[in-house]
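Note that the coordinates shown come from a computational prediction; the quantities given were computed from them, not determined experimentally. Heads up: numbering here begins at 1 and tracks the sequence.
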Amino acid sequence: MVLAWYMDDAPGDPQQPHRPDPDRPVGLEQLRRLGVLYWKLDADKYENDPELEKIRRERNYSWMDIITICKDKLPNYEEKIRMFYEEHLHLDDEIRYILDGSGYFDVRDKEDKWIRIFMEKGDMITLPAGIYHRFTVDEKNYAKAMRLFVGEPVWTAYNRPADHFEARGQYMKFLAQTA
């Protein structure tokens, strides 16, 4: 089961959990209402997992690669970590499957508050096009993730403000319908 919560407003290291006291947990249904989809899979058999193949087929996730986010494997690690943590959106869904390690996806709710989603081995998430979000590894500084796309991969992130994009407008319409 995925762990998610509203973040505290304390400054500091983004790789820390930033859990408020008292805790403000967020459930899967609340994430679904934001368009965030989640699956728990067996990452040890990702190469031959019929459940992963079924999801990929049903959702048209035709392209994939694997990225290892750690100082030894990712060129320009510090710069990339800063870039991933800048609040941004994409014009396509962002699909990530954690094969090893852990990290945090932060997404904005309807009131523009941050929700932190802890991702670890076996967690797969889809963030809808147009949602403001960011990512960081946790204090272990290591995550290995499968990146999936519908069609050819598009790596472009649009830092906030990016409200003029059609994907953002479509996402805002989706949110209004789930109110």
Side-chain angles (χ1 to χ4, degrees), residues 1-7 25-47 49-69 83-110 112-138 143-160 162 165-179:
M1 187 67 168
V2 71
L3 293 175
W5 57 89
Y6 277 97
M7 291 181 70
V26 174
L28 276 178
E29 184 54 37
Q30 187 173 352
L31 292 176
R32 273 191 218 102
R33 287 193 305 268
L34 296 174
V36 176
L37 304 177
Y38 170 83
W39 297 266
K40 184 68 170 183
L41 301 171
D42 183 352
D44 289 329
K45 64 176 191 178
Y46 75 89
E47 294 179 88
D49 184 356
E51 191 174 352
L52 175 60
E53 286 309 310
K54 180 177 184 259
I55 294 165
R56 288 186 66 181
R57 195 172 43 256
E58 288 173 353
R59 299 194 57 82
N60 246 356
Y61 298 160
S62 56
W63 191 93
M64 73 77 127
D65 76 351
I66 294 174
I67 183 172
T68 302
I69 304 168
M83 183 181 73
F84 295 159
Y85 199 67
E86 285 287 319
E87 184 176 3
H88 63 277
L89 61 76
H90 301 284
L91 305 183
D92 297 295
D93 291 352
E94 180 164 326
I95 307 110
R96 298 294 182 267
Y97 178 18
I98 305 297
L99 302 176
D100 198 18
S102 48
Y104 302 110
F105 274 98
D106 301 336
V107 297
R108 292 283 190 178
D109 76 356
K110 292 180 182 186
D112 217 30
K113 304 285 185 210
W114 282 117
I115 295 173
R116 175 150 277 194
I117 305 166
F118 176 66
M119 301 282 294
E120 62 186 347
K121 184 176 180 176
D123 291 335
M124 185 167 134
I125 196 168
T126 296
L127 304 178
I131 192 173
Y132 283 119
H133 66 282
R134 60 191 182 188
F135 173 81
T136 189
V137 289
D138 62 13
K144 180 178 178 181
M146 179 183 291
R147 301 182 288 191
L148 297 123
F149 289 89
V150 174
E152 291 296 311
V154 179
W155 306 107
T156 308
Y158 298 95
N159 289 348
R160 190 170 187 173
F165 287 104
E166 184 179 341
R168 180 66 181 168
Q170 292 295 326
Y171 179 68
M172 296 306 291
K173 285 180 190 170
F174 166 79
L175 285 183
Q177 292 169 354
T178 61

NZ or CZ of Arg160 within 45° of Tyr132 ring axis and under 6.0 Å |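 Verdict for Tyr132: a cation-pi partner in Arg160.
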Determine whether [X] and [Y] make a side-chain contact, defined as any pair of heavy atoms from C-beta on separated by less than 4.5 Å.
X	Y	result
Arg32	Glu29	yes
Glu120	Lys40	yes
Asp92	Glu152	no
Asp44	Lys121	yes
Leu41	Asp49	yes
Thr156	His90	no
Ser102	Val137	no

Give, for atom [atom1] of [X] and atom [atom2] of [Y], the distance between the pair rounded to the nearest 0.5 Å.
X	Y	atom1	atom2	result
Glu87	Arg108	CD	CZ	4.0 Å
Asp100	Met146	CG	CE	13.0 Å
Lys144	Leu99	NZ	CG	6.0 Å
Tyr85	Arg134	OH	CZ	3.0 Å
Ile95	Ile125	CD1	CD1	11.0 Å
Met124	Ile98	CE	CD1	11.0 Å

Show your reasoning for whether side chain to side chain contact (heavy atoms under 4.5 Å, CB included) applies to Arg59 and Leu148.
-> CA-CA 10 Å; Arg59 299 194 57 82; Leu148 297 123; over 6 Å; no
Shortest non-hydrogen contact from [X] to [Y]?
X	Y	value
Val2	Leu31	CG1-CD1, 4.4 Å
Gly122	Ala43	N-CB, 3.8 Å
Arg168	Gly130	NH1-O, 2.9 Å
Thr178	Leu175	OG1-O, 2.9 Å
Arg96	Met119	O-CE, 4.3 Å
Lys110	Leu34	N-CD2, 3.9 Å

Donor + acceptor pair across side chains of [X], [Y] (<3.5 Å):
X	Y	value
Asp93	Thr126	no
Asp123	Tyr38	yes
Asp109	Tyr6	yes

Would you call the rings of [X] and [Y] parallel, tilted or perpendicular, taking 30° and 60° as the class edges?
X	Y	result
Tyr97	Tyr46	perpendicular
Trp63	Phe149	perpendicular
Tyr61	Trp39	perpendicular
Phe105	His133	tilted

Hey, mind stepping through Gln170 and Lys173 against side chain to side chain contact (heavy atoms under 4.5 Å, CB included) and telling me if it holds?
-> CA-CA 5 Å; Gln170 292 295 326; Lys173 285 180 190 170; 3.9 Å; yes
Check the pair Leu89, Tyr171 against side chain to side chain contact (heavy atoms under 4.5 Å, CB included), reporting the backbone distance first and the verdict last.
-> CA-CA 11 Å; Leu89 61 76; Tyr171 179 68; over 6 Å; no
